[in-house]
Each structure stands twice: as C-alpha cells, then as structure tokens.
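Side chains are part of it too, since the values below use all heavy atoms of this structure and drop only hydrogens, waters and symmetry mates.
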Amino acid sequence: MVYMFLKNWVVAPFINLTFRPKVVGAHNVPSTGPAILASNHLAAADHIFMPIAVDRQIFFLAKSDYFTGKGLKGKIVAGFFRAINQIPMDRSGGKKSAASLSAGGKKLAEGELLGIYPEGTRSHDGRLYRAKIGVARLVLESGAPVIPIAMIGTDVVQPLGTPFPAPWRQKKGFRVTTIFGEPMDFSHLKDRAGDRDVVRQIADEIVQAIQKLSGQEYVEAYAADVKRAQAQGKASGS
C-alpha cells in the first residue's frame, strides 16, 4: 500500500514532470506472475527510475546498509525501505547472503516481481562488471523468467558522491532511459542447480543481455574487487 501510493501519487508524477524519463520495452514485463528484473546499476537513482516505469510493485534485494543506518537520516532511510517492503541483502557471502536470496525466492514463489542488480554493487566508472552468481541461483530456484534491464543516464543526473538526482544535470536532448529487454527463459535448466558451470553460464548470459541493451564496456571482473584494489592502491600511494 505504501509503495504503490508513493509511486503513483508522489514519486512518479514528480519524476515524470521534472526529468521526463524515457521507457522502452515495458511490455516485456509480465502483468502477472513472477519475474526477475535484472539491471545494471549506475546510481542510487536506479531505485527510483526503474520502479516508476513498471505498473506493478518491485521487491528489491537492497543492500543491508540501508536498514542499519545511524542517526536521524539513517532511521528515516531504514523506515522508508521497510515501509515499501524491500528485502535486506547481506553481501558478506556464505549463509547470510544465502538467507537473503531465499527471501527473494519466497517473493518469486508468491508471484511477485523481484529486482536485483547482478553486479552486486554500483559501477564506480560506468562500465558493466561480471555478475555474481546469486541471480542464477534465484533463476534456478524459482524457474521465473528474467527481464534484462539497462539503466541509461542515471549516473548523469546523480553522479557518484551526490545525494540525489537533479534535473539540471541533464543536457539538452538528454533523457534518462530505462530499457526492458525480452524475457529470458532458463526453466529447462532447473534440474541443473547443482552444476557450478551451469550456474556461472546463466549469470554470464544475463549480464551479456544487459550489456547488449546498455552498450556499456564490459569488464571480466567483479566491481567490488576492482573498487577494493583501487582503494588499496590509493592508500599505498601506488
């Protein structure tokens, strides 16, 4: 109730009026039943522009930090994410990450839309990075179709380090664009969930579909690993 009210009566009218975003292929999102919406991740604004392009509610696997912030701002953010029924995603790996994915799988079993960013974190340089295998595990567990999505320009209206998207950052003729690709069906591989090669193959195929839509340069490495290595290099002065 809170999610749909805010989306339809507050967020969408404001965003559509001030940013005039473009949506391509929205008909590829099923009107009923489960589906995994797998998107690239350029900015926090992706959480705004993608949902308003879809008539149904999207349950996102959102990083757990959003639910554990301190101070007034942290409490407001945590309260907001809980109010719109988003799912905390623990990215530390192991049993905690598996539990988060299981919560996502439950939503799919209930016939809902689940949003996930296969890269596992935002791209820090606009390139597309290797997919984590969590998205493939959800695919095999649920049998749900995957809708590849390309977010284009959200990093322009909300560059890294800025607190919110701003329409004045858009250049003339530029519009934030959300592209929904054709559904991908992996149900024929459902009995191969224990095959690591198959799991890896599915994750790779999903990110390749996203790359075709977004046109981003692809990097055969995890975004988090690249960011960590760069941070360590800066710290050591190299």
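Using modelled atom types, no side-chain atom of Asp204 and backbone atom of Gln201 make a donor-acceptor pair closer than 3.5 Å. A donor-acceptor pair under 3.5 Å links the side-chain atoms of Gln158 to the main chain of Ala45, judged by distance alone. Judged by distance alone, the side chain of Asn28 and the main-chain N or O of Gly181 form a donor-acceptor pair under 3.5 Å. Judged by distance alone, with hydrogens and angles left aside, the side-chain atoms of Lys7 form no donor-acceptor pair with the main-chain N or O of Arg56 at under 3.5 Å.
A salt bridge links Arg228 with Asp225: the distance from a Lys NZ or Arg NE/NH1/NH2 to an Asp or Glu carboxylate oxygen falls below 4.0 Å.
Leu42 and Ile116 fall into different hydrophobic clusters, where Ile, Leu, Val, Met, Phe, Trp and Tyr side chains are chained together by heavy-atom contacts under 4.5 Å. Each of Ile210 and Val219 belongs to its own hydrophobic cluster when Ile, Leu, Val, Met, Phe, Trp and Tyr are linked at side-chain heavy-atom distances under 4.5 angstrom. Linking ILVMFWY residues whenever their side-chain heavy atoms come closer than 4.5 Å, directly or via other members, places Trp9 and Val11 in the same cluster. A continuous path of Ile, Leu, Val, Met, Phe, Trp and Tyr side chains, each step under 4.5 Å between heavy atoms, connects Met184 with Leu140, placing both in one hydrophobic cluster. Residues Val54 and Val10 share a single hydrophobic cluster, defined by chaining ILVMFWY side chains whose heavy atoms lie under 4.5 Å apart.
Taking the six-membered ring for Trp and the full ring otherwise, Tyr218 and Tyr129 have centroids separated by 6.0 Å or more. Ring pair His41/His47: centre-to-centre distance below 6.0 Å.
Within the model, atoms OH of Tyr3 and CD of Gln57 stand 5.5 Å from one another, a figure rounded to the nearest 0.5 Å. Expressed to the nearest 0.5 Å, how far OG of Ser102 lies from CZ of Arg137 amounts to 10.0 Å. Note that the CD1 atom of Ile152 and the OG1 atom of Thr178 stand 8.5 Å from one another [nearest 0.5 Å]. The distance from the CG atom of Asp46 to the OG atom of Ser39 is 5.5 Å, given to the nearest 0.5 Å. If you take CG on Leu37 and CZ on Phe180, they are separated by 6.5 Å, rounding to the nearest 0.5 Å. Rounded to the nearest 0.5 angstrom, Gln170 CD and Arg175 CZ are separated by 9.0 Å.
Counting heavy atoms from C-beta outward, Pro148 and Leu213 have side chains that approach closer than 4.5 Å. Here the side chains of Leu128 and Val207 are in contact, with some heavy-atom distance below 4.5 Å. At least one side-chain heavy atom of Val29 sits under 4.5 Å from a side-chain heavy atom of Leu113. Residues Phe186 and Ile206 meet the side-chain proximity criterion, which asks for heavy atoms closer than 4.5 Å. Two residues are said to be in side-chain contact when any heavy atoms from C-beta on lie closer than 4.5 Å; Val157 and Thr162 fail this criterion. Annotation: side chain of Ile58 is not in contact with side chain of Leu114 (no heavy-atom distance under 4.5 Å). Side chains of Ile36 and Leu108 form a contact here, defined as non-hydrogen atoms less than 4.5 Å apart. Looking at heavy atoms from C-beta onward, Ser214 lies out of side-chain contact with Ile179 at the 4.5 angstrom threshold.
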side-chain contact (heavy atoms from CB on, under 4.5 Å) between His124 and Val226, worked out: CA-CA 9 Å; His124 60 288; Val226 173; 3.8 Å; yes
Derivation and outcome, side-chain contact (heavy atoms from CB on, under 4.5 Å), residues Thr177 and Val23: CA-CA 6 Å; Thr177 302; Val23 178; over 6 Å; no
Step-by-step side chain to side chain donor-acceptor pair (under 3.5 Å) determination, Asn40 to Glu119: CA-CA 7 Å; Asn40 61 336; Glu119 296 167 275; 5.9 Å; no
Test log, rule side-chain contact (heavy atoms from CB on, under 4.5 Å), inputs Arg200 and Ile133: CA-CA 6 Å; Arg200 182 71 259 169; Ile133 61 173; 3.4 Å; yes
Verdict with reasoning, Lys190 to Ser142, per side chain to side chain donor-acceptor pair (under 3.5 Å): CA-CA 8 Å; Lys190 193 169 183 178; Ser142 66; over 6 Å; no
Residue pair Leu160, Asp155: steps toward the side-chain contact (heavy atoms from CB on, under 4.5 Å) verdict: CA-CA 7 Å; Leu160 193 65; Asp155 54 338; over 6 Å; no
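Counting non-hydrogen atoms of neighbouring residues, nucleotides and ligands closer than 6.0 angstrom, the CZ atom of Arg192 reaches no more than 12 such neighbours. By the neighbour-count criterion of 12 heavy atoms within 6.0 Å, atom NZ of Lys227 is densely surrounded, having more than that number from other residues, nucleotides or ligands. Residue-environment remark: CD (Gln230) exceeds the threshold of 12 foreign heavy atoms within 6.0 Å. For Asn16, the CG atom counts as densely surrounded, since its 6.0 Å shell holds more than 12 non-hydrogen atoms of other residues, nucleotides or ligands. Annotation for Arg20: atom CZ does not count as buried by contact number, only 12 or fewer foreign heavy atoms lying within 6.0 Å.
Taking both residues in full, the closest heavy atoms of Thr121 and Ala224 are given as CG2-N, 4.0 Å, listed atom of the first, atom of the second, then distance. The two residues Ala193 and Val199 come nearest to each other via the heavy atoms O-CG2, 3.6 Å. Closest non-hydrogen pair, Val146 versus Ala38, comes out as CG1-CB, 3.9 Å. Between Thr154 and Met151, the shortest heavy-atom distance links the atoms CG2-CE, 3.9 Å. Minimum heavy-atom separation, Ile147 to Pro30: CD1-CD, 4.3 Å. For Ala131 against Tyr222, the heavy-atom pair with the smallest separation is O-CE2, 3.4 Å.
Partner of Phe19 under the ring-ring contact (aromatic ring centres under 6.0 Å, His included) criterion, chosen from Phe174, Phe49, Trp168: Phe49.
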